[in-house]
Q: 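Please see the structure below; I have some questions.
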Protein chains: 2
Amino acid sequence: MVDQALPKQAANISDNAADDEPRCFVAKLFGKRARNREVQEERILTAAMNCFIRSGFRGASMNEICSEAGMSPGALYRYFPSKEAIIEKIAATHRQQSAEILARMSQSNNIVDAITNVGLDHVRKMSMNDEGPGPRDSSARLFVEVRAESMRNESVAAICELHEGLMREELLAAFSAAKERGEIDPVTDLDLTVAAVAAMGEGIIMRNFPAQGVPLEALEPVFRALAVGLLRPTTPLANK
Amino acid sequence: MVDQALPKQAANISDNAADDEPRCFVAKLFGKRARNREVQEERILTAAMNCFIRSGFRGASMNEICSEAGMSPGALYRYFPSKEAIIEKIAATHRQQSAEILARMSQSNNIVDAITNVGLDHVRKMSMNDEGPGPRDSSARLFVEVRAESMRNESVAAICELHEGLMREELLAAFSAAKERGEIDPVTDLDLTVAAVAAMGEGIIMRNFPAQGVPLEALEPVFRALAVGLLRPTTPLANK
DNA sequence: TAAATGAGAGAGAACGTTCTCTCTCATTTG
DNA sequence: CAAATGAGAGAGAACGTTCTCTCTCATTTA
């Protein structure tokens, strides 16, 4: 069989500069014998995510994950030292995706539009990983699973706090800027408002409205009303 | 790990056997015997709840629950046929408590006050079971645990849907009445608003603000602003 | 005494993890 | 060039533990 795979360690150890030949480094991306470590890790994480969505962090067994990934336990444990490590990695990835969406808060010059758009973006993103097989609200399930685990698992709690702290900072910065622009009632407690918006957003994400037949367009006025209500903008309909 | 010096068997019932009670079959079913059974079931449920809060539904073992309850497995399995049955019972009890609070929605004649008060009641109740030992946000933990389980466990999902359906009905009835009173913009989509309020409420409950040092009084304007924003009352400050 | 109750051992399955062995293949050696 | 080498990758049995649940038998209760 002429299956040329990427020699990972050869590139690291030997320093032969005559490596201009474009080798077939895409070793059958998710195929039986993929050689690349990152590809294998990705394969495991994808499988584990499916299992965790189906059975929960504690409910899913390593054998279940191995079957889903098409690997043996021996192979899997070459890439992750423990089930706990897989859980932590998946929790981090999931929360990081949320934080990245929130990072776009400061792009808008209008706080009501900013909240509305970022909220919709978040809901859209969280309801999107539902193309392939499996339950329609996989992201919502994972979200709740991570939240539950974070309430009793020290390291998962730390991972969540890291990303959620970033999200709160982003919100606070946007709110502060809006306050200086005069868009927010000066007496508003911004810290509390940030916490409330974050909490309510979590509730919305958790329920996964798009998966229940509520279109994003229907959600738009809800987010807008929430923003108007909580932030009491002094010029509520200026940009609308 | 509190090994409470609880008398083994005889202490749970008062010893006034001198009464000339009818010792018929029915009396046995509904008399002292039945009451003792309820006491034992309650003991198991309380212990199980503590364990589930500490370790999660799947993470807590039956041995852990037995130790917490000060019972042997043989005794425990006399009262509950399976771990699943305990989980279902606890999920039902927890969700029912929420539904009972929501049932007071119709008592208020002002929709903004109604939402504010019921929201505060709910948060207060959910943060109150924190007198004894254990984590401060036991109700929030249980809430998330039940939600997570409901997303992959058919019977727990049915239990949740039962009580949450009641809650949505209650909200919808209050909103409809308010709409007829002219308190809500006629174009508002009440079904969507009910769903949104419920989802955001879940988010607030989940974060358990009182346990994080946010007093209920601080939360009051947040609920009020949320209600005003989402329901757009035509006479927003009438009763304030 | 008969029925109810409970303690505790432990059965049998499933768990997370480790171990051993085989296979593949780039590189080294002859 | 062909054989030898050795390290990475993986399969799958097996390990010790822990799981849920049952069974036996002693004690309590009516």
Q: Would you please confirm or rule out a distance under 4.0 Å between OP1 or OP2 of dT5(C) and any side-chain N or O of Tyr79(B)?
A: no
Q: Nearest heavy atom decides the nucleotide; on that basis, is Ser72(A) or Phe57(B) closer to the 5' end of DNA chain D?
A: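 Comparing both residues, the 5'-ward one is Ser72(A).
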Q: To the nearest Å, give me how far apart CG (Leu76(B)) and P (dA9(C)) are.
A: 17 Å
Q: Rounding to an integer number of Å, can you tell me how far Arg78(A) CZ sits from dT20(C) P?
A: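 Taking CZ of Arg78(A) and P of dT20(C), I get 14 Å after rounding.
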Q: Rounded to whole angstrom units, what separation is found between the CD1 atom of Ile44(A) and the P atom of dA11(D)?
A: 11 Å
Q: Measure the distance from CD1 on Ile65(B) to P on dC21(D) and round it to the nearest whole Å.
A: 10 Å
Q: Going through the checks in order, is the side chain to side chain contact (heavy atoms under 4.5 Å, CB included) test met by Ile86(B) and Leu76(B)?
A: CA-CA 10 Å; Ile86(B) 300 180; Leu76(B) 191 147; 4.0 Å; yes
Q: Could you tell me the Watson-Crick or G-U partner of dA14(C), where both distances fall under 3.5 Å? Say none if there is no partner.
A: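 Looking at the geometry, dA14(C) pairs with dT17(D).
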Q: Check the side chains of Ser98(B) and His163(B) for a donor-acceptor pair under 3.5 angstrom, ignoring hydrogens and angles.
A: no
Q: Mark yes or no: Arg141(A) above the aromatic ring of Phe52(A), with NZ or CZ under 6.0 Å from the six-membered ring centre and no more than 45 degrees from the axis.
A: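 Negative - Arg141(A) is either too far from the ring of Phe52(A) or too far off its axis.
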Q: Are side-chain N/O atoms of Thr193(B) and Asp191(B) paired as donor and acceptor at under 3.5 Å?
A: no
Q: Take atom NZ of Lys83(A) and atom C1' of dA14(C), then tell me their distance rounded to the nearest Å.
A: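 One finds 12 Å between C1' of dA14(C) and NZ of Lys83(A), rounded.
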Q: When you check the side-chain N and O atoms of Asn153(B) and Glu84(B), is any donor under 3.5 Å from an acceptor?
A: yes
Q: In this structure, how many angstroms lie between the P atom of dT17(C) and the CD1 atom of Ile87(A), rounded?
A: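 The answer, rounded to whole Å, is 9 Å.
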Q: Taking CD from Gln40(B) and C1' from dA4(C), how many angstroms apart are they, rounded to a whole number?
A: 12 Å
Q: Mapping Arg58(A) and Asn63(B) to their closest nucleotides on DNA chain C, which lands nearer the 5' end?
A: Asn63(B)
Q: Using purine N1 to pyrimidine N3 plus N6-O4 or O6-N4 for Watson-Crick, or N1-O2 and O6-N3 for G-U wobble, each under 3.5 Å, what pairs with dC23(D)?
A: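 dC23(D) is paired with dG8(C).
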Q: Using a cut-off of 4.0 Å on non-hydrogen atoms, how would the nucleic acid contact of Ala69(A) be classed: base, sugar-phosphate, or nothing?
A: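 Contact class for Ala69(A): none.
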Q: Classify Pro81(B) by what it touches in the nucleic acid, base, sugar-phosphate, or nothing, heavy-atom distance under 4.0 Å.
A: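 No contact at all - Pro81(B) keeps every heavy atom at 4.0 Å or more from the nucleic acid.
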Q: Starting at the 5' end of DNA chain C and moving along, which residue's nearest nucleotide shows up first, Met62(A) or Pro73(B)?
A: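 Between the two, 5'-proximity favours Pro73(B).
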Q: Answer with base, sugar-phosphate or nothing: what part of the nucleic acid does Phe80(A) contact at a heavy-atom distance below 4.0 Å?
A: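 Nothing, no nucleic acid heavy atom in range.
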Q: Taking only side-chain N and O atoms of Ser61(B), does any of them lie within less than 4.0 angstrom of OP1 or OP2 on dT18(D)?
A: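 The answer is no; no side-chain N or O of Ser61(B) sits under 4.0 Å from OP1 or OP2.
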Q: Do the side-chain N or O atoms of Tyr77(B) get closer than 4.0 angstrom to the phosphate oxygens (OP1, OP2) of dC21(D)?
A: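 Answer is yes, contact under 4.0 Å.
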Q: Can you check the Glu84(A) CD to dC15(C) P distance for me, whole Å?
A: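 Between P of dC15(C) and CD of Glu84(A): 18 Å.
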